[in-house]
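Note on naming: letters A, B, ... go to the chains in the order of the sequence lines (proteins, then strands), and numbering restarts at 1 for each one.
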There are 2 protein chains.
Amino acid sequence: MMNISEVETRTGLPAKTIRYYEDIGLVTPARRTNGYRDFSDKDAHKLAFLARARALGFSIEDCRNLLALWEDQTRASSDVREIAKHHLVEIEAKIQGLMAMRDTLSDLVHQCAGDSRPDCPILKGLEGSQ
Amino acid sequence: MMNISEVETRTGLPAKTIRYYEDIGLVTPARRTNGYRDFSDKDAHKLAFLARARALGFSIEDCRNLLALWEDQTRASSDVREIAKHHLVEIEAKIQGLMAMRDTLSDLVHQCAGDSRPDCPILKGLEGSQ
DNA sequence: ATAGGGGTTCCAGTCACAGGAAGGTCAAGA
DNA sequence: TCTTGACCTTCCTGTGACTGGAACCCCTAT
């Protein structure tokens, strides 16, 4: 049983985030008589799980579902895999979108002299005049 | 001079967004006596510029600055280029982060059988046990 | 007169927290 | 004993860039 700062150092999550996760019902640490939160090893373990899932870009709702599956010993791994695959598709789409932006922008930046003159292909590109 | 729905079709921006852009001072369309907004060609052109800049992922604040440079005939193209280059670096960083996520997640997904059994490498990965 | 398809403002909600104020708690040192 | 400082608590507000919705006004056609 440990207080919030210990969980901070164990999980790398800021105390603010840990309290927020309690707020939205992802963890429910015990309380001491003085009102302080008192985290069990299991709580800390859950939060570490959440930290890793968030680091992989899963939404809070995905995390909630993954956590439930993690705790459900009778889960089917296909349920986990479906969530992960769906997220993977979203990540891939984001990457594609960003790469398209990068390519367009990179072109414009390379076309621009970047000197003291006002003539600027970047602005022209944004203007839509080609 | 046109009303907001015309600008919607010209720029592809939803009316809500156009009103929001007025709220935050990016455009200041005239008003008719009945209170309706009355957009000039220049307003529409500005909004089209904003739509393209936003589509390239520039923040509203970047857009504000780009718009100011666009309107400033005495600008130096280096100022525009600096904003664009900085944004390019951020995009690249995002891409790298997402690709790292994708790689990790893709590994896990491929390791997972995705059947009715509870054993799941994805959950194990999130657990941190390798 | 009414119906519909415009337009307007304003307020709340989104997502996942972060910042900060105001105050209670605890252990150590003077 | 008093104080100091580190820790903890709750609650409220703000973030970015909108989106949804309510309540209401305006204009034209039937």
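A donor-acceptor pair under 3.5 Å is formed between the side chain of A:Glu8 and the backbone N or O of A:Ala15. The backbone N or O of A:Ile4 sits nowhere less than 3.5 Å from a side-chain atom of A:Arg37 that would complete a donor-acceptor pair. With A:Arg10 contributing its side chain and A:Ser5 its backbone, the two residues share no donor-acceptor pair below 3.5 Å.
Between A:Ser59 and C:dC15 there is no side-chain N or O to OP1 or OP2 distance below 4.0 Å. For the OP1/OP2 pair of D:dT19 and a distance below 4.0 Å, the side-chain nitrogens and oxygens of B:Thr17 include at least one atom meeting the criterion. Within the structure, a side-chain polar atom (N or O) of A:Ser5 is placed less than 4.0 Å from OP1 or OP2 of D:dC8.
Taking every side-chain heavy atom of B:Lys16 into account, C:dC10 is the closest of C:dC10, D:dC11, C:dC17. Residue B:Asn34 places its side chain closer to D:dC26 than to any other of D:dA17, C:dC17, D:dC26.
Rounded to an integer number of Å, the gap from A:Glu61 CD to C:dC17 P is 12 Å. Between the C1' atom of D:dT10 and the CZ atom of A:Arg37 lies a distance of 9 Å, rounded to the nearest Å. Rounded to an integer number of Å, the gap from B:Tyr20 OH to C:dT9 P is 16 Å. Between the CD1 atom of A:Ile4 and the P atom of D:dT10 there is a distance of 9 Å, rounded to whole Å. Here the C1' atom of nucleotide D:dA17 and the CD1 atom of B:Ile18 are 15 Å apart, to the nearest Å. The distance between atom OH of A:Tyr36 and atom P of C:dG23, rounded to the nearest whole Å, is 16 Å. The CZ atom of B:Arg19 sits 16 Å away from the P atom of D:dA22 (whole-angstrom rounding). Separating the CZ atom of A:Arg31 from the P atom of C:dG24 is a distance of 17 Å, rounded to the nearest angstrom.
Note that the SG atom of B:Cys63 and the CZ atom of B:Arg52 stand 12.5 Å from one another [nearest 0.5 Å].
Between A:Phe49 and A:Trp70, the angle of the ring planes stays under 30°, which puts this pair in the parallel group of the 30/60° scheme.
At a threshold of 4.0 angstrom between heavy atoms, the contacts of A:Tyr21 are confined to the sugar-phosphate backbone, with no base atom among them.
Each of A:Glu22 and B:Pro14 has a nearest nucleotide on DNA chain D; the 5'-most of these lies closest to A:Glu22.
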